[in-house]
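Reviewing the structure listed below.
In this text the structure is predicted, and so the values were computed from the model without any measurement. Protein chains get the first letters and strands the later ones, always in sequence-line order, with residue 1 at the start of each.
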Amino acid sequence: MMITVQQEDFDHGREYEALRELANRDGAIVTFTGLVRDFNSQCSVSNVVIEHYSGMTEKYLMQICSDAKKRWNLGQVRIIHRIGTLEAFEQIVFVGVSSKHRQNAFEAAQFIMDILKTTAPFWKQETTAKGTQWVKRKDSDEAAAAKWSGA
Amino acid sequence: MLRIRFFGSIREQLQTSSIDVEYAGEETVSDLMAKLIEKGERWLILEEQDVLVAVNMTLCGKDAVINSGDELAFFPPVTGG
């Protein structure tokens with residue numbers, strides 16, 4: 001398990017190769033990359049500023065990795081989350097999971113993102129044509145996370 | 001002594017990212033919130049329904065007991081990813 005919170009961009013190819021090297025006996029690697037959208041439900045978005053709670057954020061990301069490893073038989077788990085000012089279309093988050101079989105890797109990657117979005121202490125502020133605004137929690141994110149609680 | 005930290009829209013509204021308060025005793029998060037709200041109108045934001053609280057970097061309820069030396073944090077629902 002490795003988690004990183006950083007301002008700088010990440011190289012998806014390099015992260016995938018690092019997972020592949022470590023996951024030498026696994027048969028599946030699933031990766032997810034989240035990007036900054038250039039729109040929200042009302043207007044266009046030029047950039048986002050991501051704030052975090054240093055210490056607690058890392059603790060919760062480690063907890064999410066650890067919970068995923070308890071639920072599925074996984075090899076490697078990698079999370080990178082960026083902070084600071086990110087322009088539209090930049091990479092925000094990377095999740096990589098390896099496993100013996102694809103189903104575990106697919107499910108674990110989705111679980112990690114769903115739980116990250118509702119528990120990891122990050123806050124996004126968008127710059128739009130109408131000024132800056134804090135992003136609000138979405139019911140759809142809560143529902144996505146809740147579906148894992150009974151599974 | 002307690003350190004209380006604020007994040008996101010709450011930090012912005014309170015115009016501070018952290019305060020230190022003298023503290024001795026065994027009060028709950030709710031007790032402390034009542035004292036903070038006495039500081040002025042803008043502190044009423046802490047009473048909003050979806051405000052989250054962490055004690056020593058662990059999410060907890062408003063009935064959690066605080067000890068001297070703890071770090072508290074108030075913040076809105078998280079929106080990362």
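No side-chain heavy atom of Asn47(A) sits less than 4.5 Å from a side-chain heavy atom of Val36(A). Side-chain atoms of Arg20(A) and Ile29(A), non-hydrogen and from C-beta on, do get closer than 4.5 Å to each other.
Between Glu38(B) and Lys35(B) there is no salt bridge, since no side-chain N of the basic residue sits under 4.0 Å from a carboxylate O of the acidic one.
Legend: ring pair (Phe, Tyr, Trp, His ring centres under 6.0 Å) pairs involving residues 16-70 of chain A, not counting sequence neighbours, sorted by first then second residue: Tyr53(A)-Phe7(B).
The backbone N or O of Ile66(B) sits less than 3.5 Å from a side-chain atom of Tyr23(B), completing a donor-acceptor pair. In this structure, Thr28(B) contributes its side chain and Val65(B) its backbone to no donor-acceptor pair below 3.5 Å. With hydrogens and angles ignored, the 3.5 Å screen pairs no side-chain donor or acceptor of Arg71(A) with any backbone N or O of Glu107(A).
Using non-hydrogen atoms only and a strict 4.5 Å limit, the part of residues 74-103 of chain A facing chain B consists of His81(A), Ile92(A), Val93(A). Taking 4.5 Å as the heavy-atom cut-off, the residues of residues 111-134 of chain A that approach chain B are Met113(A), Leu116(A), Lys117(A), Thr118(A), Thr119(A), Ala120(A), Pro121(A), Phe122(A), Trp123(A), Lys124(A), Gln125(A), Trp134(A), ordered by number.
When the candidates Ala54(B), Pro77(B), Ser9(B) are compared by the number of heavy-atom contacts under 4.5 Å with chain A, Ser9(B) comes out ahead.
Atom CZ of Arg137(A) is surrounded by more than 12 heavy atoms from other residues, nucleotides or ligands within 6.0 Å. In Arg42(B), the CZ atom is crowded: over 12 heavy atoms of neighbouring residues, nucleotides or ligands sit closer than 6.0 Å.
Contacts of Trp43(B) classified as ring pair (Phe, Tyr, Trp, His ring centres under 6.0 Å), with partners at least two apart in sequence or in another chain: Phe6(B).
Nearest heavy atom pair, residue Glu51(A) against residue Gly8(B), reads OE2-N, 2.9 Å.
When heavy atoms are compared at a cutoff of 4.5 Å, Lys138(A) does not approach chain B at all. Heavy-atom distances place both the backbone and the side chain of Leu59(B) under 4.5 Å from chain A.
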